[in-house]
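Computed from heavy atoms alone, side chains included, the values below leave out hydrogens, waters and symmetry copies.
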Amino acid sequence: MSLIIRNIPPVAFIREEFMRLYQESKFTAAKQQTVEINALQFLADEPSIFGAPDLDYIEKEKEWYLSQSLNVNKIPKPVPKIWQEVADEDGMINSNYGYLVFSPENQSQFAFCMSQLKKDPYTRRAVIQFNRPEMVHDYSYRGRNDYICTYAYQFFIREGKLDLIVYMRSLDMIYGYPNDRAWAQYVWDRMLKVLNKPKKHLIPGSMVWHAGSGHIYSRHFYLLDHFSATGEWDVSKKEAKHEQQTT
């Protein structure tokens with residue numbers, strides 16, 4: 001086995017680590033209490049950490065990503081508040097991941113990875129770059145506040161399996177991870193599909209996640225309280241919040 005999975009913790013372990021930090025009140029950030037783990041690495045073997053994924057939103061975001069539009073006003077209504085907050089006055093942003101992965105204007109990186117993997121299954125060049133040096137200026141261009149969170153995806157073919165490694169600078173464990181993982185899953189599945197034409201020869205391997213910072217903001221601590229009380233991690237956010245308010 002090329003990926004040393006036995007040394008990479010699963011989501012269940014990461015979930016318990018965040019709970020430990022929360023219960024021990026080991027917070028970061030002066031203005032807002034935040035539970036944070038730096039240099040985080042885990043096996044992305046579950047769709048969320050705390051709180052059920054919002055499947056309706058995930059589909060809307062995927063639709064927008066696949067449009068490759070850099071304008072948040074093209075997101076199926078209602079446009080999420082977070083996207084409105086990071087966009088400039090015209091609705092323009094940097095972080096349409098479909099544009100970054102597929103667009104010819106961003107070097108057709110998915111197609112490049114596919115060609116590299118077909119030419120040499122043992123290549124280490126099958127990398128999709130999301131970020132760029134110009135981000136030091138682009139993140140705030142014309143009033144934006146959008147510093148792309150993902151650095152890169154990297155694909156490996158080893159022992160008949162297609163593995164995906166995701167590298168991020170910053171990861172909101174509640175809202176960011178479920179949505180980002182769903183998109184990574186889509187790209188991974190699509191790569192597997194194109195590589196298996198005309199004849200299937202690969203199966204899914206592992207998805208491994210790296211994040212410089214994985215964090216949970218205080219506004220989502222109610223999900224940790226719910227998990228502590230019930231052991232349920234995949235409860236809907238609405239249900240968990242309602243239960244907290246009525247107890």
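Centroid-to-centroid, the aromatic rings of H210 and Y151 stay 6.0 Å apart or farther. A distance below 6.0 Å separates the ring centres of F130 and Y153.
No side-chain donor-acceptor contact under 3.5 Å links W64 to the backbone of V72. Side chain of Q109 to main chain of Q129: a donor-acceptor pair is present (N/O by atom type, distance under 3.5 Å, no hydrogens or angles). For the pair S206 (side chain) and V208 (backbone), a donor-acceptor distance under 3.5 Å is absent. Side-chain atoms of D146 come within 3.5 Å of backbone atoms of S95 as a donor-acceptor pair (strictly under, hydrogens ignored).
With F155 as the partner, the side-chain contact (heavy atoms from CB on, under 4.5 Å) test is satisfied by one option alone out of V127, L195, I128: I128. Only one option out of F50, F42, W183 pairs with Y177 in a ring-ring contact (aromatic ring centres under 6.0 Å, His included); it is F42.
Put simply, V101 and L66 are part of the same group of oily side chains (I, L, V, M, F, W, Y) that touch within less than 4.5 Å, one to the next. Taken together through direct or relayed side-chain contacts under 4.5 Å among Ile, Leu, Val, Met, Phe, Trp and Tyr, I14 and V235 form part of one hydrophobic cluster. Under a hydrophobic-cluster definition in which Ile, Leu, Val, Met, Phe, Trp and Tyr are linked whenever side-chain heavy atoms come within less than 4.5 Å, directly or via other members, F227 and F27 are assigned to the same cluster. Under the 4.5 Å side-chain contact rule for hydrophobic residues, I157 and I203 do not share a cluster. Cluster membership for W233 and F13, using ILVMFWY side-chain heavy atoms within less than 4.5 angstrom, is shared.
The heavy-atom pair separating T123 from F156 by the smallest distance is O-CD2, 4.2 Å. Taking every heavy atom of both residues into account, A44 and V11 meet most closely at CA-CG2, 4.3 Å. Heavy atoms only, all atoms of each residue included: P121 and R158 are closest at O-NH1, 3.6 Å.
The salt bridge (Lys or Arg N to Asp or Glu O under 4.0 Å) contacts involving residues 117-134 comprise R132-D138, where partners must be two or more places apart or lie in separate chains. A salt bridge (Lys or Arg N to Asp or Glu O under 4.0 Å) check over residues 88-107, counting only residues at least two apart or in different chains, returns the pairs D88-R142, D88-R144, E89-R142, D90-R142.
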* Determine, stepwise, if the pair M191 / L164 fulfils side chain to side chain contact (heavy atoms under 4.5 Å, CB included). => CA-CA 10 Å; M191 184 64 75; L164 174 62; over 6 Å; no
* To do: Verify side chain to side chain contact (heavy atoms under 4.5 Å, CB included) between H215 and S170, making sure each step is shown before the conclusion.
  => CA-CA 8 Å; H215 45 269; S170 179; 3.1 Å; yes
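Between the side chains of D225 and Y22, a donor-acceptor pair is found at a separation under 3.5 Å.
Here E17 pairs with R20 in a salt bridge; the nearest charged N to carboxylate O distance falls below 4.0 Å. Between K161 and E159, no side-chain nitrogen of the basic residue sits less than 4.0 Å from a carboxylate oxygen of the acidic one, so the salt-bridge criterion is not met.
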